[in-house]
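First comes the structure, then the notes that go with it.
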Protein chains: 2
Amino acid sequence: MTTEEKILLAAKKSFFEKGYDGAKMQDIANDAGINKAMLHYYFRSKELLYEKVNMSFAKVIIPQINSLVDTELNIFQTIENFVEIYLEFLQKNPDLPSYFIGEMNRNHDMFFKVLSENATQPNFVAFAQKIYSAIEQKEIRPVNPIQLILNIISLCIFPYLAAPMLQYATQSDDTFIGEIIANRKKEITSFILHSLTNQNDVLYEN
Amino acid sequence: MTTEEKILLAAKKSFFEKGYDGAKMQDIANDAGINKAMLHYYFRSKELLYEKVNMSFAKVIIPQINSLVDTELNIFQTIENFVEIYLEFLQKNPDLPSYFIGEMNRNHDMFFKVLSENATQPNFVAFAQKIYSAIEQKEIRPVNPIQLILNIISLCIFPYLAAPMLQYATQSDDTFIGEIIANRKKEITSFILHSLTNQNDVLYEN
DNA sequence: GTCTATAATTTGATAGAC
DNA sequence: GTCTATCAAATTATAGAC
């Protein structure tokens with residue numbers, strides 16, 4: 001592994017754990033097993049190092065998300081596929097959501113600068129259109145496509161954000177939380193499809 | 001307004017915007033319209049000030065959440081009530097979720113120390129039991145109560161966490177995002193109740 | 001209680017030898 | 001490329017006058 005790779009790996013670890021403000025160059029250097037001066041030799045400043053780290057996954061994630069809506073599948077298979085791939089990705093990167101949300105809300109400008117320069121826009125148009133036509137053909141009940149997509153993503157991501165609170169609230173150990181997350185794929189898919197295929201009016205009050 | 005109150009207000013603003021690491025004592029002092037030395041006179045250190053700020057809402061929030069499950073209502077009214085009050089609270093405190101999630105994942109120890117010392121545990125037992133009995137009486141389809149509660153909370157909170165990303169992804173202005181959030185109560189309630197009252201088997205694959 | 005001035009420490013960044 | 005030594009700025013915290 002080259003020095004540059006060692007730095008990027010250590011930097012990602014620090015930024016993910018502590019955020020931009022909390023991460024310290026000295027810690028990154030120690031963790032990479034090299035000297036602090038080397039960080040500046042390779043990346044010039046903390047800010048540029050931060051941008052490089054964010055670039056490294058911005059380029060990977062957005063295209064992955066955009067490719068999730070395979071046009072050959074019907075609406076039900078599309079949703080199941082989306083949830084499955086999304087959750088698989090999250091299980092491999094469980095600390096990504098809280099980093100993403102945290103940095104997006106705190107270091108707004110720096111974060112979106114990298115995103116707009118290095119990644120294609122997330123594109124949900126194909127997904128929304130598939131939802132539209134499924135409604136037209138009465139395969140699912142009428143819903144606002146954007147709200148539905150938001151629902152699906154909420155259900156997938158939120159447990160990873162709330163894991164520490166979930167553990168605190170249920171006063172349980174890691175295994176219990178792990179179990180909840182492991183059952184999440186089935187739960188979410190079932191939850192969504194039950195909702196979409198119920199054409200009845202279910203609002204009990206206004 | 002006393003000096004102490006002015007400090008707490010300014011501190012909350014800074015911590016909410018920047019997090020513990022990003023917030024600076026000088027900014028807090030400026031924002032409160034007083035001198036930096038006063039912060040230490042009243043709260044001794046940044047860490048203690050941080051704890052006081054967190055205490056001030058930890059004492060308020062958790063009891064509110066615990067009181068949401070009114071025992072007189074049936075399962076459908078309970079859920080609608082829960083979503084309504086929860087969303088009303090979030091609309092009044094739209095920056096609370098990202099602060100909460102960010103600090104919980106970054107300054108884990110400091111954060112939960114305050115929570116355990118100053119707030120009662122969030123208690124979802126009453127809610128879970130109401131879900132159980134609704135299943136027994138076949139008012140709703142069989143679900144895991146914890147998963148359902150997690151679903152409900154996910155749907156309520158996540159849009160507030162993802163608002164900047166939502167704006168970026170849809171390339172829209174504030175009004176559009178505001179509209180989505182405004183329609184959220186109806187959407188979430190409808191989404192959940194449609195799912196729960198659909199007793200059919202809807203899983204299309206395994 | 002409130003302020004100015006200053007100490008003490010942390011931290012990002014650079015200079016220069018090897 | 002890599003290191004040690006050091007600088008300059010930022011930041012938390014305190015001392016002491018009023």
Side-chain angles (χ1 to χ4, degrees), chain A residues 1-56 99 102-114 117, chain B residues 1-56 99 102-103 105-114:
Chain A
M1 195 153 60
T2 68
T3 302
E4 188 169 336
E5 288 170 332
K6 280 192 282 187
I7 293 174
L8 279 172
L9 195 69
K12 184 185 167 183
K13 183 163 172 281
S14 271
F15 285 133
F16 268 53
E17 273 176 19
K18 308 271 192 176
Y20 179 79
D21 296 312
K24 303 303 168 195
M25 297 293 265
Q26 186 64 59
D27 294 339
I28 295 173
N30 292 345
D31 199 49
I34 48 103
N35 190 278
K36 197 172 50 163
M38 297 296 285
L39 301 181
H40 292 93
Y41 176 79
Y42 277 96
F43 297 95
R44 250 201 33 230
S45 72
K46 184 183 180 183
E47 196 164 323
L48 287 173
L49 176 56
Y50 179 71
E51 290 184 6
K52 286 282 180 197
V53 168
N54 286 337
M55 273 162 55
S56 71
Y99 173 71
E103 297 304 287
M104 180 172 68
N105 283 286
R106 275 163 175 57
N107 295 340
H108 191 280
D109 293 340
M110 233 195 298
F111 197 75
F112 279 107
K113 177 171 166 261
V114 173
E117 282 173 5
Chain B
M1 195 155 60
T2 68
T3 302
E4 188 169 336
E5 288 170 331
K6 280 193 281 188
I7 293 174
L8 279 173
L9 196 69
K12 183 186 166 181
K13 183 163 171 281
S14 271
F15 285 134
F16 268 53
E17 272 176 19
K18 308 271 192 176
Y20 178 79
D21 295 312
K24 302 302 168 197
M25 297 293 265
Q26 185 65 59
D27 294 338
I28 295 173
N30 292 344
D31 199 50
I34 48 106
N35 190 276
K36 198 173 48 162
M38 297 296 286
L39 301 181
H40 293 92
Y41 176 79
Y42 277 96
F43 297 95
R44 253 205 26 233
S45 72
K46 183 182 181 184
E47 195 164 326
L48 286 173
L49 176 56
Y50 179 70
E51 290 184 7
K52 286 281 181 197
V53 169
N54 287 337
M55 273 163 52
S56 72
Y99 173 71
E103 297 304 294
N105 283 287
R106 275 165 175 56
N107 295 338
H108 191 282
D109 293 341
M110 236 194 297
F111 197 74
F112 279 107
K113 176 169 166 263
V114 173

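Chain naming here is simple, since letters A, B, ... match the order of the sequence lines and numbering starts at 1 in each.
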Residue pair A/Q26, A/N30: steps toward the side-chain contact (heavy atoms from CB on, under 4.5 Å) verdict: CA-CA 6 Å; A/Q26 186 64 59; A/N30 292 345; 3.1 Å; yes
side-chain hydrogen bond (donor to acceptor under 3.5 Å, both in side chains) filter on A/Y99, not counting sequence neighbours, yields A/N54
Within 45° of the six-membered ring axis of B/Y20 and under 6.0 Å from that ring's centre, is NZ or CZ of B/K46 located there? yes
Please list, by residue number, the residues of residues 13-30 of chain A whose heavy atoms come closer than 4.0 Å to an atom of DNA chain C; answer none if no residue qualifies. A/A23, A/K24, A/M25
May I ask you to test the B/I7-B/T2 pair for a side-chain heavy-atom distance under 4.5 Å?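 Contact flag for B/I7/B/T2 side chains = no.
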For atom NZ of A/K24, decide whether the heavy atoms of other residues, nucleotides or ligands shown that lie under 6.0 angstrom number more than 12.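 Yes - once you tally the heavy atoms of other residues, nucleotides and ligands closer than 6.0 Å, there are more than 12.
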Whole angstrom value for the distance that separates C1' of C/dT14 from NZ of A/K46: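 My rounded result for the distance is 18 Å.
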A/L39 has an atom CG; how far is it from atom P of C/dA13, in whole Å? 10 Å
Closest heavy-atom contact between A/N107 and A/Y50? ND2-OH, 3.9 Å
For D/dA13, does OP1 or OP2 lie under 4.0 Å from any side-chain N or O of B/H40? yes
Do the side chains of A/E103 and B/R106 get close enough for a salt bridge, i.e. N-O under 4.0 angstrom? yes
Heavy-atom contacts, protein to nucleotides 1-7 of chain C, under 4.0 Å, summarised as B (base), S (sugar-phosphate only) or - (none) per nt, yield BBBB---
Residues A/E117, A/M55; criterion side-chain contact (heavy atoms from CB on, under 4.5 Å); working and verdict: CA-CA 9 Å; A/E117 282 173 5; A/M55 273 162 55; over 6 Å; no
